[in-house]
Q: 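Please see the structure below; I have some questions.
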Amino acid sequence: MRGLVVAGWIPPTLAYIVLLGAAGVTAKLALRTITWQQLILWVPLFYIVFCVVFVVGSGTTFPLGTGGAWAAATALCASSALVLFLYALTKGPASQVTPASSAYPIVTVVGSALFLSEKLTLIRGVGTALVVAGVVLLSR
């Protein structure tokens, strides 16, 4: 009997889902006693640890050029999104803010079709519609 073969992207994606979901709860717990600005101060400390591990452990170098510019744009988007997510948590319940914020794949699907020449298939369209429907239901 052959063993189950799992695509290489599935385990880190599942971990991402669990960790990001947990972050919605831990952030709301932190916001009971500190401000969202104070919560943000912790983020770079952990990024520094990851950077040291990558540089020392695998010799990662700082990218420049076109790839570095896209990396900087990605970092700006990710850090800005986190700031806005934490601010939103100060205005609403985690059980509504977190699911609503998870509608971002819609932007990725459309952007991938427009800028990366990826195909927008019926399955992806239906999946995206389900995400939108889920967000509408969860935000009530």
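Please read these numbers as outputs of a predicted model, since none were measured by experiment.
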Q: Testing the basics here: between Leu89 and Gly24, what is the closest heavy-atom pair and its distance to 0.1 Å?
A: CD1-O, 4.0 Å

Q: Can you tell me how far CD1 of Ile40 sits from CD of Gln38, rounded to the nearest 0.5 angstrom?
A: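 Here the interatomic distance stands at 11.5 Å.
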
Q: Could you state the interatomic distance from OG (Ser101) to CG (Leu20), rounded to the nearest 0.5 Å?
A: 7.0 Å

Q: Which residues pass the side chain to side chain contact (heavy atoms under 4.5 Å, CB included) test with Ala23, not counting sequence neighbours?
A: Thr26

Q: Are side-chain heavy atoms of Phe62 and Val55 found at a separation under 4.5 Å?
A: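 Heavy-atom side-chain distance check fails, nothing below 4.5 Å.
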
Q: Is there a path from Ile34 to Val83 through hydrophobic residues (I, L, V, M, F, W, Y) whose side chains come within less than 4.5 Å of each other?
A: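 Per the 4.5 Å side-chain linkage, Ile34 and Val83 are co-clustered.
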
Q: With a 4.5 Å cut-off on side-chain heavy-atom distances among I, L, V, M, F, W and Y, is there a chain of contacts connecting Val25 to Leu31?
A: no

Q: With ILVMFWY side chains joined below 4.5 Å, transitively, what does Phe46's cluster contain besides itself?
A: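 Phe46 shares its hydrophobic cluster with Trp42, Leu45.
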
Q: Compare all side-chain heavy atoms of Pro105 with those of Thr128 and state whether any distance is below 4.5 angstrom.
A: no

Q: Quick check on Ile123: does its CD1 atom have over 12 non-hydrogen neighbours (other residues, nucleotides or ligands) under 6.0 Å away?
A: no

Q: Taking side chain to side chain contact (heavy atoms under 4.5 Å, CB included) as the test, write out the residues that go with Tyr87, two or more places apart.
A: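 Per chain and number, Tyr87 pairs via side chain to side chain contact (heavy atoms under 4.5 Å, CB included) with Trp36, Thr90, Lys91.
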
Q: Can you get from Val43 to Phe50 by hopping between Ile, Leu, Val, Met, Phe, Trp and Tyr side chains that sit under 4.5 Å apart?
A: no

Q: What distance separates Leu29 CG from Thr33 OG1, expressed to the nearest 0.5 Å?
A: 9.0 Å

Q: If only atom types and distance count, is the side chain of Ser80 paired as donor or acceptor with the main-chain N or O of Cys77 below 3.5 Å?
A: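 Checking the backbone N and O of Cys77 against the side chain of Ser80, no donor-acceptor pair under 3.5 Å is found.
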
Q: Hey, any chance Ile17 and Val109 share a hydrophobic cluster, counting ILVMFWY side chains that come within less than 4.5 Å of each other, even indirectly?
A: no

Q: Minimum heavy-atom separation for Ala7 to Pro11, with atom names?
A: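 Where Ala7 meets Pro11 most closely, the heavy atoms are O-CD, 3.3 Å.
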
Q: For the OG1 atom of Thr74 and the CH2 atom of Trp70, what is their distance to the nearest 0.5 Å?
A: 8.0 Å

Q: If you compare all heavy atoms of Pro99 against all heavy atoms of Ala94, which two are closest, and at what distance to 0.1 Å?
A: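 For Pro99 versus Ala94, the nearest heavy atoms are CD-O, 3.6 Å.
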
Q: Give me the atom names and distance for the closest heavy-atom approach of Lys28 to Pro93.
A: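 Looks like NZ-CA, 4.3 Å.
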
Q: Going hydrophobic residue to hydrophobic residue with side-chain gaps under 4.5 angstrom, can you get from Leu130 over to Leu122?
A: yes

Q: Locate the shortest heavy-atom distance separating Arg124 from Glu118; write the atom from each residue and the value.
A: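 That closest heavy-atom pairing would be NH1-CB, 4.4 Å.
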
